[in-house]
Amino acid sequence: MQPADLPAPDADALAHSAHLTALLRETIAAHGPMPFHAFMERCLYAPGLGYYSAGARKFGAAGDFVTSAELGPIFARCVASALAPSLLLLGAQADWLELGGGSGAFAEHVLLALASRGALPARYLMLEPSAELRARQQTRLRARLPAALFARLEWIERPPEQPWRGVLFANEVLDALPATRFTVRGGEVYEEHVALDGAGAFMRVDRPADALTSAAARHLERALGQPFADGYRSELLPQLPYWMQAVAGTLATGLALFVDYGYPRAEYYLPQRANGTLRAFYRHHVHDDVFFHPGLQDLTASVDFSALAEAGQGAGLDLAAYVPQGQFLLAAGLEQVHAEAAAGQDTAGLYALAQEIKRLMLPEAMGERFQAMLFARGLAAAALPAELLLADRRAHL
């Protein structure tokens, strides 16, 4: 049934979603209720059908949501300003690895900014699992970058397997990792699954959690200092330590920067947030019907940054800084970046820059809702902006 406030998909989109829906129903009918994380994984990444692996426009005004990098060049230029000194310190053979490159906007702007600072990486690696997005990124960047910069780009299908040095960067990647949904009832931990009702529609059912999910929920209770209330429901990522080891385990020397929306653990699992943070994005509408036309909408959960800190440290990284996005951008030299971007702009250009900065900085927009977490390995903190280290909020984790 079409939710009243959501735009109706066209016939081709409906047919696409119907194909994925049929496959999901067949799997559930054959094997029984499907763990929610498996349902989410198929909705987002099923080859040719999932939200991120099919051909629908996802980013920007014509898509479903806008990321910091899609607003304009300011975000990427600030990241370049913050990390260029470390990149120079790492030397001419340092690489930059971006996880999930979106439309390619961030790569475009950060490469131009790094070039202007004489801090280009030897290679700019883009780990993008979606063939459709890889093609879009390649088309955009080939058209917009000088040939010498485009030549530094390399698309890869898996993280480097050999030790490397450089910068690992991920913007709005963690929120798209398939989330495990859990609930606590009668003192026991249950995992949310997706089943079929009598009419063949998707429905939620709970089953006793396996050992990994149960242990992860109990770890949260110990860290929070109290048990979850009866009926409390939320998300966790028991696979996060393994994922972090896979993407950052071979980073021998360098930095890893993660930017996403989320909270420290104590805020993520507040008693009043008793149904978690899971939501869907469709045509710039945020709603909670995660079963609405599978494959046509983004499914996402906020990031537990305390869990991310634990996973990074478990992978051998040192936590260098944890700050809201707004403070990160200020510490990265936003004022100077804005002055450089504003030079020579007409009234319309200046207005666009002002609007971009408002979205990036205002607490109710992205300034406080988004967080930045920076890890280091084998690199002196002196290379990082002093203001960033001073603004560090790790005590909140």
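Under the 3.5 Å distance criterion, the side-chain polar atoms of R165 are matched with a main-chain donor or acceptor of L90. For S17 (side chain) and P294 (main-chain N/O), a donor-acceptor pair under 3.5 Å exists by modelled atom type. T300 contributes a side-chain N or O that, together with a main-chain N or O of D175, makes up a donor-acceptor pair within less than 3.5 Å. Put simply, the side chain of D230 gets close to the backbone of G186: a donor and an acceptor are under 3.5 Å apart. Between the side chain of H109 and the backbone N or O of R77, no donor-acceptor pair lies under 3.5 Å. With hydrogens and angles ignored, the 3.5 Å screen pairs no side-chain donor or acceptor of E172 with any backbone N or O of V259. A donor-acceptor distance shorter than 3.5 angstrom exists from the side chain of Q325 to the backbone of L360, with no hydrogens or angles considered. Put simply, the side chain of T139 gets close to the backbone of A135: a donor and an acceptor are under 3.5 Å apart. Judged purely by atom type and a 3.5 angstrom limit, R144 has no side-chain atom pairing as donor or acceptor with the backbone of E108.
Side-chain contact, T277 with Y268: a donor N or O sits under 3.5 Å from an acceptor N or O. Remark: the E161 side chain and the T250 side chain contain no N/O donor-acceptor pair separated by less than 3.5 Å. Judged by distance alone, the side chains of H396 and E267 never bring a donor and an acceptor atom under 3.5 Å apart. Side-chain polar atoms of W164 and Q93 form no donor-acceptor pair below 3.5 angstrom.
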Which pairs would a plain distance check flag for residues 369-385, meaning a side-chain donor or acceptor within less than 3.5 Å of a matching protein atom at least two apart in sequence or in another chain?
from: R369; atom 1: NE; to: A365; atom 2: O; distance (Å): 2.6
from: R369; atom 1: NH2; to: A365; atom 2: O; distance (Å): 3.1
from: Q371; atom 1: OE1; to: Y322; atom 2: OH; distance (Å): 3.0
from: Q371; atom 1: NE2; to: E368; atom 2: O; distance (Å): 2.6
from: R377; atom 1: NE; to: L251; atom 2: O; distance (Å): 2.7
from: R377; atom 1: NH1; to: A315; atom 2: O; distance (Å): 2.9
from: R377; atom 1: NH1; to: G316; atom 2: O; distance (Å): 3.1
from: R377; atom 1: NH2; to: A248; atom 2: O; distance (Å): 3.0
from: R377; atom 1: NH2; to: G249; atom 2: O; distance (Å): 3.4
from: R377; atom 1: NH2; to: L251; atom 2: O; distance (Å): 2.8

Could you tabulate the donor-acceptor pairs under 3.5 Å formed by side-chain atoms of residues 27-48, not counting sequence neighbours?
from: T27; atom 1: OG1; to: L23; atom 2: O; distance (Å): 3.0
from: R42; atom 1: NH1; to: A38; atom 2: O; distance (Å): 3.2
from: Y45; atom 1: OH; to: A176; atom 2: O; distance (Å): 2.9

Could you pull out every donor-acceptor pair under 3.5 Å between side chains of residues 330-343 and any protein atom, sequence neighbours left out?
from: Q336; atom 1: NE2; to: E340; atom 2: OE2; distance (Å): 3.2

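Both cation-pi conditions hold for R25 and F202: the charged atom is under 6.0 angstrom from the six-membered ring centre and inside a 45 degree cone around its axis. Cation-pi geometry between R273 and Y263 is satisfied (NZ or CZ under 6.0 Å from the ring centre, within 45° of the ring normal).
In this structure F169 satisfies the ring pair (Phe, Tyr, Trp, His ring centres under 6.0 Å) test together with F106, sequence neighbours excluded.
Applying the salt bridge (Lys or Arg N to Asp or Glu O under 4.0 Å) rule to pairs touching residues 204-213 yields R185-D206, E192-R204, D206-R233, sequence neighbours excluded.
Cluster annotation: V173 is not connected to Y52 through the hydrophobic network of ILVMFWY side chains, with a link wherever side-chain heavy atoms come within less than 4.5 Å. Taking hydrophobic clusters as Ile, Leu, Val, Met, Phe, Trp and Tyr residues chained together by side-chain heavy-atom distances below 4.5 Å, L255 does not share a cluster with M244. Under the 4.5 Å side-chain heavy-atom criterion for Ile, Leu, Val, Met, Phe, Trp and Tyr, L87 and F258 are members of distinct hydrophobic clusters. Both L153 and L114 are part of a single hydrophobic cluster, where members link through side-chain heavy atoms under 4.5 Å apart. L141 and V110 end up in the same hydrophobic cluster when Ile, Leu, Val, Met, Phe, Trp and Tyr side chains are linked at under 4.5 Å.
Note: H287 and F292 have perpendicular aromatic rings, judged against thresholds of 30 and 60 degrees for the angle between ring planes.
Counted within 6.0 Å of CD on Q272, heavy atoms from surrounding residues, nucleotides or ligands total more than 12; the atom is thus considered enclosed.
Checked for salt-bridge contact, E221 and R218 meet the test: a charged N lies under 4.0 Å from a carboxylate O. A salt bridge links E310 to R265: at least one charged side-chain nitrogen sits closer than 4.0 Å to a carboxylate oxygen. At a threshold of 4.0 Å, the pair R279-D288 does not count as salt-bridged, since none of the basic side-chain nitrogens sits closer than that to a carboxylate oxygen. Taking 4.0 Å as the cut-off between side-chain N and carboxylate O, R134 and E128 do not count as a salt-bridged pair.
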Are L240 and L174 close enough, and set up right, to give a side-chain contact (heavy atoms from CB on, under 4.5 Å), and what steps lead you there? CA-CA 9 Å; L240 186 58; L174 295 163; 4.0 Å; yes

Evaluate H16 against L20 for side-chain contact (heavy atoms from CB on, under 4.5 Å), listing each step before the verdict. CA-CA 7 Å; H16 175 99; L20 178 56; 5.6 Å; no

Kindly determine whether R181 and E191 satisfy salt bridge (charged side-chain N to carboxylate O under 4.0 Å, His left out), including the steps that lead there. CA-CA 6 Å; R181 293 269 285 173; E191 182 178 351; over 6 Å; no

So D298 and Y282, side-chain hydrogen bond (donor to acceptor under 3.5 Å, both in side chains) or not? Walk me through it. CA-CA 7 Å; D298 187 24; Y282 177 73; over 6 Å; no

Derivation and outcome, side-chain hydrogen bond (donor to acceptor under 3.5 Å, both in side chains), residues Q297 and H285: CA-CA 10 Å; Q297 62 179 2; H285 290 70; over 6 Å; no

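You'll find the side chain of L83 reaches within 4.5 Å of the side chain of V79, heavy atoms only. A 4.5 Å side-chain heavy-atom check between S53 and E132 finds every atom pair outside the cut-off. Side-chain contact between F328 and L388 is present, with at least one heavy-atom pair separated by less than 4.5 Å. Side-chain atoms of L296 and Y51, non-hydrogen and from C-beta on, never get closer than 4.5 Å to each other. A 4.5 Å side-chain heavy-atom check between Y261 and S302 finds at least one atom pair inside the cut-off. Counting heavy atoms from C-beta on, the side chains of W155 and Q137 come closer than 4.5 Å. V247 is listed as a side-chain neighbour of W243, based on a closest heavy-atom distance under 4.5 Å. Counting heavy atoms from C-beta on, the side chains of R140 and S103 come closer than 4.5 Å.
Annotation: the span from L177 atom CG to Q239 atom CD amounts to 6.0 Å, rounded to 0.5 Å. Separation of atoms CD (E154) and CG (L127) is listed at 11.5 Å; rounding is to 0.5 Å. Summarising the geometry, atom CD belonging to E356 is positioned 6.0 Å from atom CG belonging to L71; distances are rounded to the nearest 0.5 Å. Within the model, atoms CG of D304 and CG of L220 stand 6.5 Å from one another, a figure rounded to the nearest 0.5 Å. The CG atom of L257 lies 8.5 Å from the CG atom of N171; values are rounded to the nearest 0.5 Å. Between F291 atom CZ and L299 atom CG the span is 9.5 Å, to the nearest 0.5 Å.
Hydrophobic side-chain contacts under 4.5 Å tie V205 into a cluster, directly or through other members, with M203.
In terms of heavy-atom proximity, A320 sits nearest to L389 at O-CD2, 3.7 Å. Nearest approach of L120 to L149, heavy atoms of both residues: CD1-CD2, 3.4 Å.
Proximity of the aromatic rings of F182 and Y190 is defined here by a centroid distance below 6.0 angstrom, and this criterion is not met.
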